[in-house]
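Encoded as structure tokens, the structure appears first; notes follow it.
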Amino acid sequence: MIITFRRQWEVLPRSLQIILGRLALVVPQMFGVLLVTFFLIRLLPGDPAVLLLGNMATPEAVEQLRDRLGLNDSIWTQFLVYCGNVLHGDLGVSIFTSNPVTVDLMERGPATIELIFYGMILTVVIGVAVAVISVRKPGGTVDIVSRFYGLAAGAIPDFWIGLILIYVFFTLLGWAAAPFGRIDVFLNAPPPVTGFYTIDALLAGDFDAFRSAAGRLVLPVITLAIVNAGGLMKMTQSVFSGVWESDFVRHARACGVPERVIMRAALRNSLPPIITMIGFLVGFLLGAAVLVETIFSWGGLGQYAVQAVMNSDYPALQGFILVAAAFTLLVYLVVDILYELVDPRIKV
Amino acid sequence: MRAPEEAMKPVLAVERLSVSFGTPHGETKVLRDVEFTLAPNEILGIVGETGAGKSVLARAIIDLLPKGGRMTSGEVRVNGKPVGKMTEAERRAMRGGQIALIGTNAKALLDPVETVGNQIVRVLQSHSRLNRKAAWTKAVQLLADVGIVNPEQRARAYPHELSGGMAQRVVIAMALVTEPKILLADDATLGLDATVSVQVLDMLVQRSRELGLSVVLITHDLGIIAHYCNRVAVMREGRVVELREVSEFLKQPEAVYSRELLAAAKVRPIPTLRSIGGSEMALLEVSNLVKIFPGNRPGQVVRAVDHVSFTIKRGETLALVGESGSGKTTVGQCLVRLIEASSGSIRFDGNDLLTTAQARFRPLRRRIQMVFQEPYVALNPRWRVRHLVDEPLRMLEKMSADERLKRVHQVLDLVNMPAHYAERFPHELTAGEQKRVGMARALVTEPDFVIFDEPTTALDIRVRGQIIDLVRDLQTRMKLSALFITHDLNSVRSLAHDVAVMNRGRIVEAGSMETVFSDPKDPYTAKLLSAELAIEHETEARVARRPKSAEERVG
């Protein structure tokens with residue numbers, strides 16, 4: 001049986017093997033995430049029932065609530081109930097906002113993801129373009145600028161850049177949109193489809209909303225890109241320059257292959273570490289963009305998580321951890337799949 | 001009908017070409033007034049040792065000098081057109097379009113993340129407006145032409161899935177696909193097994209003959225010159241010291257340097273006569289040696305050495321020959337217990353080496369020494385030669401520092417190195433000198449038995465000759481017994497009394513060197529011998545040397 005399975009497996013195309021193999025791993029990984037989130041919260045000191053009811057609650061009321069929340073059941077029963085709830089999309093009710101955590105996260109998750117999404121696109125464009133040009137024309141303007149930039153980008157904090165951008169482009173010049181949230185307060189948010197205001201607005205044909213949402217994105221996206229593109233550029237530079245000096249590039253040139261084509265091939269060879277770094281950045285920014293979110297009143301996930309911590313809002317925190325972990329898992333899944341797809345030398 | 005003069009007009013002319021490299025210490029001249037022409041359908045061999053400027057010459061011809069290189073004078077003309085006067089676009093079209101370069105180490109020349117078929121298509125589409133499908137068909141056709149079995153499927157393979165020989169064929173297909181007029185083969189078969197190298201060269205030269213190409217065959221191997229080329233240019237320190245017909249060159253080389261090269265490449269007479277009588281006991285007796293490595297998949301095994309048996313008598317040399325992957329180096333490493341054999345027995349002068357405990361084996365080590373294949377890798381780069389050579393003494397004997405230094409000087413003298421080399425670091429030595437240090441280190445304990453792992457591989461012609469002479473000298477002077485692991489059959493002829501031929505972990509044939517080499521019984525031995533490009537046998541050149549004369553072609 002196993003042998004026939006293996007044989008069938010081996011005739012599958014490599015790309016399918018990679019994707020199926022990785023997807024199969026997601027289930028146990030996700031289970032692990034659930035387990036960790038659940039017990040992490042249980043490890044925190046304090047009785048949730050007391051927290052919910054406040055210090056003035058009578059012991060009877062606390063006992064009643066404990067019973068209702070199932071806290072008196074065995075830990076494994078609680079875990080099963082928790083898993084069941086999660087599968088039904090029930091993450092509990094936030095103590096602070098009084099909304100179901102799922103609703104809060106559905107509102108705030110897309111805000112952060114939209115920000116990160118455009119931020120990463122700009123980061124990649126800047127980082128890779130500067131790196132490639134500086135390698136191809138060593139000693140040129142771009143190369144020299146890139147050296148200063150690489151040095152500075154690691155040292156300048158994101159909130160500082162955000163504030164400077166706001167000061168210059170909003171306060172002084174008045175070019176940029178106000179840093180007060182994702183969309184003009186006088187406009188209605190487009191009906192949610194993807195959760196991305198820009199895309200939803202286009203889908204709804206609401207161009208005013210689109211213009212406003214896009215305008216609001218400009219400064220925070222630039223802030224994120226400026227901070228993160230430096231590292232990506234440095235790394236791309238070192239990888240790409242290694243590839244650029246390699247024998248196969250020289251041989252392609254000796255074969256009369258145009259520079260444009262050679263550059264594309266060299267870039268493809270440099271992809272794996274770039275993909276890894278982008279994946280890492282995306283996962284990292286989910287929580288780490290909090291300062292940028294705060295400055296631009298973005299109302300994103302990072303802010304939500306910080307609020308939850310400040311207010312001992314355990315259900316909200318638990319929900320955030322779960323979503324962040326699931327999202328990171330997803331990003332790494334995509335990274336792993338892409339990584340193996342772009343490098344045929346990796347054995348599946 | 002073309003006039004004969006038209007037909008014989010050179011396709012490539014190099015005139016008084018000089019190239020310099022800028023270094024922090026000023027300009028270094030790498031090529032000095034190099035001059036030659038290449039006639040249509042001619043194969044010109046360029047031979048020289050490391051640093052002669054052969055590769056720079058190839059790159060100068062296609063105007064792609066390495067960083068820092070500068071053409072200081074002279075001109076290269078391709079089909080009558082000076083390369084220097086071409087526009088950038090014309091130059092790009094010329095590279096690969098009219099002159100195709102085939103380099104060393106094909107696997108590194110191929111894009112690792114693209115299928116080889118697509119890479120050939122890439123080159124073809126850079127030079128013609130063929131659509132993808134037509135280009136792919138042509139690429140597959142060419143792969144078949146260069147002797148790749150199952151080309152349709154192989155075209156979809158990535159470079160890492162190919163063997164070295166196959167990758168070399170792909171690179172050749174890549175060069176031929178644009179139907180260029182000139183091929184520049186820069187040490188194209190370096191590092192390939194002899195049988196593969198000969199197959200690839202046979203194919204390359206045959207295809208060039210069929211297509212009427214002119215070839216510049218750059219090599220450091222006179223055997224290749226003797227068997228494949230019409231004319232030869234001998235290069236030394238950036239100059240062409242001799243340029244003439246190959247047959248004349250082999251008979252009567254003009255330049256002193258050429259004579260030295262030829263003499264170094266020739267086989268020496270059989271080494272010191274073996275001790276007559278043969279009553280002496282065997283010094284080393286290996287029987288049924290087996291070494292099994294775990295395979296890639298669980299449960300899978302690789303039999304690197306499979307029931308190998310041989311004996312070596314005192315003062316005699318056995319050559320273990322075979323191609324890469326045949327397990328010959330593994331045998332050597334088992335003998336000195338760098339890796340533990342799986343089963344079998346090794347008796348050395350009455351002691352069973354495999355069952356001896358490590359502690360009791362250590363004193364025996366001074367009597368069995370090994371000279372490693374990669375000289376530079378085997379020497380600690382932070383130690384001076386003196387330190388490197390006396391290491392076994394510090395480990396094994398109680399000697400004062402003065403005694404040790406004296407011993408180091410003695411043994412350096414033995415390998416023909418001046419005493420002041422003792423203070424140098426490995427990176428300050430040439431490849432040949434590094435090999436000598438490796439030998440000195442092995443000889444310093446006055447061993448009875450030495451294992452030489454590929455001592456002549458990757459060396460220049462004259463250095464190789466010197467190493468062979470040195471080993472011969474040691475054999476006579478020290479009455480050294482040795483195991484000589486190599487794939488260089490030519491050196492075996494000069495060094496070994498006996499030969500054992502290994503293939504896939506087994507010894508397929510063994511006997512005295514004369515018998516095995518003159519009358520091989522096993523087909524594998526015959527195959528190995530037929531791939532030997534000895535300069536003594538140049539009369540039987542592998543591919544008809546003379547191109548058809550102009551009249552014949554026209555008529």
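Protein chains get the first letters and strands the later ones, always in sequence-line order, with residue 1 at the start of each.
B:D193 and B:S324 are linked by a side-chain donor-acceptor pair at a separation below 3.5 angstrom, with hydrogens and angles left out of the test.
None of B:I43, B:L176, B:V216, B:I172 except one satisfies the side-chain contact (heavy atoms from CB on, under 4.5 Å) rule with B:L183; the exception is B:L176.
Without hydrogens or angle criteria, B:Q119 side chain to B:E114 main chain gives a donor-acceptor distance under 3.5 Å.
Looking at A:V342, the atoms closer than 4.5 Å to chain B (heavy atoms on both sides) all sit in the backbone: N, CA, C or O. Heavy atoms of A:V261 lying under 4.5 Å from chain B belong exclusively to its side chain.
Residues of residues 264-278 of chain A having a heavy atom under 4.5 Å from any heavy atom of chain B, listed by number: A:A265, A:R268, A:N269. Of all residues spanning residues 123-147 of chain B, those with a heavy atom less than 4.5 Å away from chain A's heavy atoms are B:V123, B:S126, B:H127, arranged by number.
With sequence neighbours left out, the side-chain contact (heavy atoms from CB on, under 4.5 Å) criterion links B:A157 to B:E161, B:L162.
For residues 261-288 of chain A, every residue pair satisfying the ring-ring contact (aromatic ring centres under 6.0 Å, His included) rule, not counting sequence neighbours, is listed here: A:F280-A:F284.
In this structure, A:F39 and A:W76 have perpendicular ring planes: the angle between them is above 60°, well past the 30° mark.
Of the listed residues B:R59, B:M94, B:R91, the one with more heavy-atom pairs under 4.5 angstrom with chain A than any other is B:R59. Ranked by heavy-atom pairs under 4.5 Å with chain A, the first of B:I102, B:D63, B:I99, B:D111 is B:D111.
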